[in-house]
Amino acid sequence: MDARNDESEEDDGGRRGWRSPGWLTAYLSLAALYVVTVSASLYSHHLLLDLHRETLRLDQVWARRLDGFARLGQLADAVADPVNEVFASGDADAGRERLDAALVPFGAHMAGLREELKAALGSAAEHDDRTALRGLESELADIDAAVDGMLEEAERTFAFYRMGQHDMAGVLAGNMNRRRRALTDGMADLKARVHAIVRAHLEEQGAEGEWLARLERAMGGLAVLFVAAIALWGVRLWRELGRDTRRRARQAAAVAASEARKAAMLATSLDAVVNFDSHGRVVDWNPAAERTFGWTYDEAVGRELVELIVPPRLRQAHTEAARAYLDGAGTVVGERLETVGTRRDGAEFPMEYALTKFVLDGEPCFTAYLRDISERRRGEESLRRAMEAAEAATRAKSEFLANMSHEIRTPMNAVVGMTGLLLDTPLSPEQREFVETVRVSSDALLTIINDILDFSKIESGHLELERQPFDLRDCVEEALDLVAIRAGDKGLDLAYEIADGVPAAIVGDVTRLRQILVNLLANAVKFTHDGEVTILVRAADGAGRAGATRLRFDVRDTGIGIPADRMDRLFRSFSQVDASTTRHYGGTGLGLAISKRLAELMGGRMWVESEVGVGSTFSFEIEAEPAASRRRLYPAALQQSLAGRRVLIVDDNETNRRILRLQVESWRMEPRLAATPAQALEWIEAGERFDVAVLDMNMPEMDGLTLAARIRRLRDARSLPLVMLSSAGRLAAADGRLFAASLAKPVKQSQLFEALTGALGAGADGQRRGPEPARALDAGMGERLPLRILLAEDNAVNQKVALRILERLGYRADVAANGLEVLAALARQVYDVVLLDVQMPEMDGLEAARRVNQLWSPAERPRLVAMTANAMQGDREQCLAAGMDDYLVKPVHVAALKEALERCTPIAGPEAATAALGG
Ligand code: ADP
């Protein structure tokens, strides 16, 4: 079919064919058998010939004998003739003489025959033959006796004739003739006997001949068979030989091709390849070597390699190294090394070389692979220079950014601080609005600067993540808190869900995780006009590092969406989907780039799915190790009071319904979900029993207030307490008489728990606990206890968290991003309290506290409150030792902050501050 098939068949044939011993043995045995058969055939042929010759001889012998016997008969007749003739001639004497004369040849012939028979008897081998010959002998004896008898009669005939008794003589002659007839009969018998013998002989030889002939035929047949077999075998042999020859030819061709390739490799190699013997003399020198070193092949071969390629000053060292190697001490062989080479014109250049050794005919040989690396060196050099330049540029950029942001932030802080002071002075409403705008814009500008700094820090690889245990739920809730007001203003529903299997607390950087969430949430709220924004936290597929789990966060909105062809731009720095969105929505285009990099730093990734007009889902994963939760879970006794209670949930938003259901089910309550107020009213009217109802404030058909009023007409506050859910900022709208509790969205699990236990009367015994009940937010505090607050915090999100909490307590704080800015701010104006983050760039909180204590007396200086994520033992002592007055652990809870602020006293009135500025 194809060449390969043919070949494999040939190979097969070769393997089990004519070269195998079995095959050869068979062939040799066949040949041996053939030789035997042919010999046997020849021998039988020879026997046949012998037989034939014997037959001929016998024929001649018997023919001769028969002739002899015939002659004997004639001679015997001749003896009788003179007797009979006497009667005609009457001369007895003459007859007598003639008789005697006739007797002589008879006697001689008889003697001859006897002699011959005797001799034959002597030589006859077989018994049969001898019997026959003896028979003949006795016949001859009978003939002799008969002739004697005739002679006797003849004598007497002659005697009577002479005596004239012719009658008597006649009678006697008649007797003699009778005897003669008897003799003739005897002769006939003899002949018959001879014929019988000859026939017997012939039959015997015929049988023998027949057998021999058969044998010869058989042998002949066998021989023909063998010849045929040998011929067949021969053909096969011939074909095998042919294949073998072809195979050998192919192998030879392959070897030749491989040789040619190797030669071509050497000839076309870009590296110089040189062979040399154990005396260091060049044996082979390829074209690259000619080009590199300037010596031609003919010049190089036979000379010492060191002389050709090593600069004179290094030759001694090279020769010694080579000798050391031959003595078994060196290690140059098999390694790639760098050295200096020289060309024919004496020019030196950096050279890389590798030596290998092999043994040919018992002699060690070496191959050197030599490469001129001047180019590479130059490349490396320029690369190094480029790297240095790039590093210098990066350094310069970072320094520039740091300087720039510092330079911008210092006057910005002054602007912010001064507008703050300005707001505390009597202003017309119009002036107040102007000042507020200035302050808001300055805040925005500071945020942008913070983003840029963050981004450059991440880009230059200077960002290090903290590793502290923190509560995941707190982190998510705080992030939601920051956008809650804006979401409420836009009428968006905010919700979150933490799925089963997510650890309550993890070890990581809470600030940066919250930063990602806030960035995504802020975008989601910014680009959504109605609907909802939700966070889903769950365990991600796939394994993380050992001991770590992968967590996945999805921030989903029902906003404007992102066109598919713009998605790839999203995570790039300073890029926005649509240049016009910048004007519409504001922003720097850095938020996503930073968030994505942060997720990657946390061992994860970030991606987005979106559909224009439907919404977007920004997802990211991080790797985190689970930690022991610091939050005590809901007290068992209180949980018990919720178990089995029926709760009516009325909310038009499906996500919210689902999340509320999951939350109450985790306390083993029995939820009943109504998507519309009408549905809820229907159930209540139908007399269904509910222990408590949770009502959403914003619903399209009928708002929560109206629904509550309608419910109240059917059930009183005792039989069905109501809990209201509304957007942050609209809490005031809740009517205390209608509702047992009211909660801001997104609903925090702890608050919901508290509200439900409160509404059901279980929490009244003072067991109530939870991070911070909604009522901890005391908007009047700022009026009761006016304080000028400086917040020192480098992270923008943390700044926002703290500012938001302070805002809810009725305070407006100024911000400093590090210790230096704190000192500058304090020099500029009077603050009653500084909330001081410990870890900050440029100057940390501890150093700032020390400096403040040096520069101002205890009476003049503001109260210093540390805020730190370092909740380790000894941290508190460290802070106090640095001159701080109080200590708060991050994440800062409202209640703790409130307590810390209540311990402060204002230093002097605002006039004093202005005076201080004037002086
Ligand atoms: P910016 O500070 O401008 O918001 P980001 O990097 O956070 O910068 O976002 C880049 C751009 O991605 C935005 O300007 C907006 O066009 C698009 N984008 C981000 N989030 C969303 C979202 N949830 N829905 C629609 N578009 C979004």
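- Listed by chain and residue number, Arg343 satisfy the salt bridge (charged side-chain N to carboxylate O under 4.0 Å, His left out) test with Asp372 (two or more places apart in sequence, or in another chain).
- With values rounded to the nearest 0.5 angstrom, Leu225 atom CG is found 11.0 Å from Ile230 atom CD1.
- For Thr367, the side-chain hydrogen bond (donor to acceptor under 3.5 Å, both in side chains) test picks out Asn275, with sequence neighbours left out.
- The distance from the CZ atom of Arg550 to the CE atom of Met602 is 13.0 Å, given to the nearest 0.5 Å.
- Using a 4.5 Å heavy-atom threshold, the side chains of Tyr353 and Ile309 count as separate.
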Show every donor-acceptor pair shorter than 3.5 Å between a side-chain atom in residues 34-43 and any protein atom, with sequence neighbours excluded, or say none if there are none.
unit_1, atom_1, unit_2, atom_2, d
Thr37, OG1, Leu33, O, 2.5
Ser39, OG, Val35, O, 2.7

Show the numbers, then the answer: is there a side chain to side chain contact (heavy atoms under 4.5 Å, CB included) between Phe293 and Leu305? CA-CA 11 Å; Phe293 300 102; Leu305 181 62; over 6 Å; no

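- With sequence neighbours excluded, no residue forms a ring-ring contact (aromatic ring centres under 6.0 Å, His included) with Phe618.
- Every side-chain contact (heavy atoms from CB on, under 4.5 Å) that Glu380 has, sequence neighbours left out, goes to Arg376, Arg377.
- Between Glu307 and Arg315 there is no salt bridge, since no side-chain N of the basic residue sits under 4.0 Å from a carboxylate O of the acidic one.
- Salt bridge present: Arg605 and Glu621 bring a charged side-chain N and a carboxylate O closer than 4.0 Å.
- With rounding to the nearest 0.5 angstrom, the CD atom of Gln515 is 5.5 Å from the CG atom of Leu598.
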#### Entry: Met567/Ser610 under side chain to side chain contact (heavy atoms under 4.5 Å, CB included): CA gap, chis, key distance, verdict
CA-CA 8 Å; Met567 297 257 214; Ser610 183; 3.7 Å; yes

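- Residues Phe470 and Cys475 form a side-chain contact, since some pair of their non-hydrogen atoms from C-beta on lies under 4.5 Å apart.
- No more than 12 heavy atoms of other residues, nucleotides or ligands sit less than 6.0 Å from atom CD of Glu464.
- Residues passing the side-chain contact (heavy atoms from CB on, under 4.5 Å) test with Asp557 are Ala524, Thr528, Val533, Ser616, sequence neighbours excluded.
- Every salt bridge (charged side-chain N to carboxylate O under 4.0 Å, His left out) that Arg538 has, sequence neighbours left out, goes to Asp554.
- Residue Ala300 comes nearest to Val282 through the heavy atom pair O-CB, 3.5 Å, listed as atom of the first residue, atom of the second, then distance.
- A salt bridge links Arg243 with Glu240: the distance from a Lys NZ or Arg NE/NH1/NH2 to an Asp or Glu carboxylate oxygen falls below 4.0 Å.
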What verdict does the side-chain hydrogen bond (donor to acceptor under 3.5 Å, both in side chains) test give for Arg248 and Gln251, after you've listed the backbone C-alpha separation in whole Å, the side-chain angles of each residue and the deciding distance to 0.1 Å?
CA-CA 5 Å; Arg248 270 160 211 268; Gln251 278 166 0; over 6 Å; no

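- Within the model, atoms CE of Met351 and CG of Leu370 stand 5.0 Å from one another, a figure rounded to the nearest 0.5 Å.
- Residue pairs that meet the side chain to side chain donor-acceptor pair (under 3.5 Å) test with at least one member in residues 289-298, sequence neighbours left out, are Thr296-Glu299.
- Taking the side-chain contact (heavy atoms from CB on, under 4.5 Å) definition, one finds that Ala479 meets it with Arg514, Leu517, Val518, Leu521, sequence neighbours left out.
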Checking Arg467 against Val507 for the side chain to side chain contact (heavy atoms under 4.5 Å, CB included) test, could you report, in this order, the C-alpha distance in whole Å, the side-chain angles of both residues, the deciding distance, and whether it holds? CA-CA 6 Å; Arg467 283 177 50 79; Val507 176; 3.9 Å; yes

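- Residue pairs meeting the salt bridge (Lys or Arg N to Asp or Glu O under 4.0 Å) criterion with at least one member in residues 266-276, sequence neighbours excluded, are Asp271-Arg371.
- Crowding of Trp607 atom CH2: a count of heavy atoms from other residues, nucleotides or ligands under 6.0 Å exceeding 12.
- Between atom CZ of residue Arg281 and atom CG of residue Leu308 there is a gap of 12.5 Å, rounded to the nearest 0.5 Å.
- Judged as a side-chain contact (heavy atoms from CB on, under 4.5 Å), and not counting sequence neighbours, the contacts of Val340 are Pro311, Arg313, Leu314, Glu348.
- Residues satisfying the salt bridge (charged side-chain N to carboxylate O under 4.0 Å, His left out) test with Glu497, not counting sequence neighbours, are Arg658.
- The 12-atom threshold is not exceeded at CG of Asp500, counting heavy atoms of other residues, nucleotides or ligands nearer than 6.0 Å.
- The minimum heavy-atom distance between Thr549 and Pro503, with the atom names listed, is OG1-CG, 4.3 Å.
- In this structure, CD1 on Ile458 lies 6.5 Å from CZ on Arg512, to the nearest 0.5 angstrom.
- Taking the charged nitrogens against the carboxylate oxygens, Arg378 and Glu381 have no contact shorter than 4.0 Å, which rules out a salt bridge.
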- What's the verdict on side chain to side chain contact (heavy atoms under 4.5 Å, CB included) for Ser269 and Asn286, showing C-alpha distance, side-chain angles and the deciding distance? CA-CA 8 Å; Ser269 163; Asn286 78 340; 3.8 Å; yes

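- In His45, the NE2 atom is not crowded: 12 or fewer heavy atoms of neighbouring residues, nucleotides or ligands sit closer than 6.0 Å.
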